[in-house]
Amino acid sequence: MNQTHLILHFCGSFSKVNIISLSIYAHRHHKTQRLSVKPHLLKMHRPSLLLSLHTLLALLTAAPLPAIGYRPLPHLKLNSSDLRFGDSKKYEGSSEFVHLRYHMGPVLTGSITVHTIWYGQWQKSQKKMIREFIGSFSAVNAKHPSVAGWWDTVRLYTDQTGANISRTVRLGEEKNDRFYSHGKLLTRLSIQSVIKSAVTAKTKPLPINPSNGLYLLLTSDDVYVEDFCGQVCGFHYFTFPSIVGYTLPFAWVGNSAKLCPGICAYPFAVPEYMQGLKPLKSPNGDVGVDGMISVIGHEVAELATNPLVNAWYAGQDPVAPVEIADLCEGIYGTGGGGSYMGQLLNGKDGATYNMNGIRRRYLVQWLWNHVVSYCTGPNALD
C-alpha cells in the first residue's frame, strides 16, 4: 500500500518580502519503467515521492528524458545528477558535490536570436507578455532586480576559447500556426514536424540559423504534448536532420492554464493535494502565461549553455544531462532550497515576483553559477 505524509507550513508576508515556507515530506512505494524504443525516443520513469530537506539521496539508476524536461515546484520528482539534493536537484548552497563540467561542445557566443512559433490560439496580450520577457534579457537599463541581471549568470559560461555567452538576446521572426496544423495532441517527434513546417513554409518561413538561432515552440492552453503535466512543463533538445533537414536547437513550453495550472503554473495555482494553501497573485494577471515565463527562462538559459547537449552539464550520461537551471529548480530567492522557494517580492497590488523586465515584473527561477558553485539571481539579499 502507498502511504503519503504531507506537512505544510505557511509563513506570512513581511512588507516588501513575501516568504513562503512549504515543507513537503512524502513517501510511497514506486517503481521505475524503461521503454525499449528507438534511440531518439525517450526513457521515462515514474517520479519517486521521497522528499527531505537535508538528506542526500542515493545515486540515480533510471535516466530521465533525453529532451531535457522541466517542472517547477511542487513537481515532487527526483531528477538525476551526480548526487541528489533534498527533494530534487535544487541546492542553493555552495557544494563540492555538484560537478558541472564543460564537455567542449558549442555554446551561443554570438548574438542570440529567438524565433517563436505560436501554435494554437493566442491572445495579443499573451504574446506581448512573452515577447517583452525575452526582450528583457538584454535590457540592461531595467529596474533592479532585473531579468538582464538574471541573464548575467548565463553569461559567465564560456566556450573552449574563453568567449562568454552573448549579452545580446533579441526576438527574431515569428510564425503563427493558429489552425493546429499537426493537431492538438503532439508527440515529441511531431513537435519537430511543427518546426519543419515553420522553417519550410511557402510564405514567410522562419530563417535557418543553426549557429545562434533558438527556436521556441509555444503551445496554447488547449494543446496536449507528450508527458505534459505528468512529467514536464517544457523541454529542449535539437532537431534531427532526418525530420527537419537541419540541426536546430529548440525548446517547447506549454500553457498549462486549462490542463494543469497547479503543476506547471505554481505558485500562481496550487495542486489539489495542497489543501489550505492559497495561490499567489501572478504579476501580469495571466496564470497560464505567468507560469510559462519561468519555464521559458529555464529552457533558454540551458539552450544557450548546452544547445547540442554536449557543452555545460553535470552527470555521467550525456543523454540525460543535468544543466544550469536543473540544479536550481524551485529556487527563486535567498534561502531557497528543498521545497522552499526563497524570499520573494510583493508589489503594491499584491502580486508576487522576483525581477523586473522592460515594463513588467516576472517570477523566474535562479540559475547555477559555476564560478561560486551556487544558485544565484538578481534579487539575492546576501
Side-chain angles (χ1 to χ4, degrees), residues 4 6-13 18-24 26 47 49 51 69-77 87-88 90 120-123 125-127 129-130 133 184 218-225 227-235 252-299 325 328-333 336 338-347 349-355 360-366:
T4 301
L6 198 62
I7 302 175
L8 302 178
H9 175 62
F10 180 79
C11 295
S13 60
N18 181 285
I19 304 178
I20 298 174
S21 179
L22 174 61
S23 299
I24 303 172
L49 293 184
L51 309 184
Y70 165 64
R71 288 175 61 176
L73 262 174
H75 50 73
L76 303 182
K77 173 186 177 183
D87 67 342
S88 181
K90 50 186 170 288
Q121 301 294 319
W122 289 90
Q123 300 174 18
S125 60
Q126 294 176 320
K127 290 183 176 181
M129 190 188 310
I130 293 173
F133 173 61
K184 293 187 177 182
L218 304 175
T219 51
S220 57
D221 58 12
D222 55 350
V223 177
Y224 177 77
V225 174
D227 297 325
F228 190 22
C229 298
Q231 292 190 14
V232 296
C233 303
F235 64 77
W252 158 76
V253 179
N255 186 334
S256 67
K258 292 181 180 178
L259 296 172
C260 57
I263 296 175
C264 292
Y266 181 88
F268 307 125
V270 297
E272 293 181 359
Y273 62 80
M274 288 186 172
Q275 297 293 329
L277 182 64
K278 295 182 179 180
L280 303 181
K281 183 177 179 180
S282 66
N284 297 289
D286 189 312
V287 168
V289 177
D290 273 312
M292 293 178 71
I293 292 296
S294 187
V295 188
I296 291 172
H298 178 117
E299 301 303 340
C328 304
E329 284 183 10
I331 295 178
Y332 297 79
S339 294
Y340 169 46
M341 297 179 67
Q343 298 186 28
L344 310 178
L345 301 175
N346 267 354
D349 59 354
T352 300
Y353 67 103
N354 68 345
M355 58 189 74
R360 299 175 184 269
R361 301 162 299 175
Y362 302 101
L363 182 66
V364 185
Q365 71 148 94
W366 283 11

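Computed from a predicted structure; not experimentally measured.
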Sidechain-backbone polar pair: Tyr362 side chain, Phe133 backbone, donor-acceptor under 3.5 Å: yes

Minimum-distance pair of heavy atoms, taken over all atoms of Gly120 and Ser220: CA-OG, 3.4 Å

Test item: Gln365 side-chain N/O and Ala325 main-chain N/O as donor-acceptor pair under 3.5 Å: yes

Steps toward side-chain contact (heavy atoms from CB on, under 4.5 Å) verdict (Val289, Gln123): CA-CA 11 Å; Val289 177; Gln123 300 174 18; over 6 Å; no

Over all atoms of both residues, closest heavy-atom pair of Ala257 and Gly288: CB-CA, 3.9 Å

Sidechain-backbone polar pair: Lys184 side chain, Asp222 backbone, donor-acceptor under 3.5 Å: no

Closest non-hydrogen atom pair between Val270 and Leu277, with its separation: CG2-O, 3.3 Å

Where Ala351 and Arg361 come nearest, the two heavy atoms and their spacing: CB-NH2, 3.9 Å

Heavy-atom pair of closest approach, residues Pro271 and Tyr266: CD-CD1, 4.2 Å

Any donor-acceptor pair under 3.5 Å from Asn284 side chain to Asp286 backbone: no

Ile296 and Leu218, any side-chain heavy atoms less than 4.5 Å apart: yes

Val287 to Ala265 - nearest heavy-atom pair and separation: O-CB, 3.6 Å

Sidechain-backbone polar pair: Gln231 side chain, Phe228 backbone, donor-acceptor under 3.5 Å: no

Under-2.5 Å SG separation for cysteines Cys264, Cys233: yes

Geometric class of the Trp252/Phe235 ring pair [parallel <30°, tilted 30-60°, perpendicular >60°]: tilted

Side-chain donor or acceptor of Asn354 paired with backbone N/O of Leu345 under 3.5 Å: no

Sequence neighbours excluded - salt bridge (charged side-chain N to carboxylate O under 4.0 Å, His left out) pairs with any residue from residues 252-268: Asp221-Lys258

Atom pair CE (Met341) and CG (Leu280), whose distance is rounded to the nearest 0.5 Å: 7.0 Å

Close side-chain approach of Pro267 and Tyr332, heavy atoms under 4.5 Å: no

Reported CG-to-CD1 distance for the pair Asn255 and Ile130, which is rounded to 0.5 angstrom: 7.5 Å

Spatial distance of atom CE (Met355) from atom CG (Leu344) [nearest 0.5 Å]: 10.0 Å

Non-hydrogen side-chain atoms of Met292 and Met129 separated by less than 4.5 Å: no

Summary of salt bridge (charged side-chain N to carboxylate O under 4.0 Å, His left out) pairs that have at least one residue in residues 260-270, sequence neighbours excluded: none

Any Pro283 side-chain heavy atom under 4.5 Å of Asp290 side chain: yes

